[in-house]
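Residue numbers count from 1 along this sequence. What you see is a predicted model, and the numbers here were worked out from it, not measured in a lab. What you see below is based on every heavy atom in this structure, not just the backbone, and it leaves out hydrogens, waters and symmetry mates.
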Amino acid sequence: PGTGKLAVESSIGGVKLTDDGAGIFENIYTYEPASLEQNTDTGIGVRKTVTGAANTEDFSFTATFNAEASAKAAEDANVPAGKLENIASGLTDGKTITTISDNFNADDTKNADFGTITFNEPGVYIFDVTENNQKSDGGWTYDTNTHQITVTVEDNTEGELVAEVE
């Protein structure tokens, strides 16, 4: 003879029952991820203007997820902070790069997208955008500023996350 415990689990028609015979039902709410599609009107992109003369060089840009700025903006707005692990696709090591390879005539403006980025959780996500061309040869001066793009991802309570670029 030994000692032990006997546990009995009962169910009716696949529904688990409590000790007093009441049915236990579990409802789970989930939502579909939000994606910013590769489109500068609705996604994350840059606009480059060349002034003074034509240019045949490529222009490259990097968008880097900024966790600290995301947390601060979320705190100020009293909403969840975006986290890198909640970005399902579109980044490599927290970054995405785009390049404009078209030739520019003087005073041309061209757009480039960073591609599709998918978010799994609501929150505020801030990206620091920099131009990778920093040389100043041949009379050209490049933009050395860091610009920010803010993405707010919200649950529309209809089973979908919705992302908006500010």
Give the minimum heavy-atom separation between [X] and [Y], together with the two atoms involved.
X      : Y      : answer
Gly43  : Leu36  : CA-CB, 4.0 Å
Gly45  : Ile149 : O-CD1, 3.7 Å
Ala81  : Ser70  : CB-O, 4.1 Å
Glu160 : Tyr29  : N-OH, 4.4 Å
Asp107 : Gly52  : OD1-N, 3.9 Å
Asn111 : Arg47  : OD1-NE, 2.9 Å

*How many angstroms lie between atom CG of Asp102 and atom CZ of Phe59, to the nearest 0.5 angstrom?*
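CZ of Phe59 is found 11.0 Å from CG of Asp102.
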_With rounding to the nearest 0.5 angstrom, report the CG to CG distance, Leu91 to Leu84._
6.5 Å
*Check whether the ring centres of Phe114 and Phe127 lie less than 6.0 Å apart, and answer yes or no.*
no
_Glu85 atom CD: more than 12 heavy-atom contacts under 6.0 Å_ = yes
_Glu32 atom CD: more than 12 heavy-atom contacts under 6.0 Å_ =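 Counting neighbours around CD of Glu32, 12 or fewer heavy atoms of other residues, nucleotides or ligands fall under 6.0 Å, so no.
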*When clusters are formed from ILVMFWY side-chain contacts under 4.5 Å, directly or step by step, what else is grouped with Ile28?*
none
Main chain of [Y], side chain of [X]: is a donor-acceptor contact present, judged purely on distance under 3.5 Å?
X      : Y      : answer
Lys110 : Asn103 : yes
Asp143 : Asn145 : yes
Thr98  : Asp113 : yes

*Do we see a donor-acceptor contact under 3.5 Å between the side chains of Ser89 and Thr118?*
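The answer is yes; a qualifying pair exists.
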*Taking atom types as modelled, find out whether Thr99 and Asp58 have a side-chain donor-acceptor pair closer than 3.5 angstrom.*
no
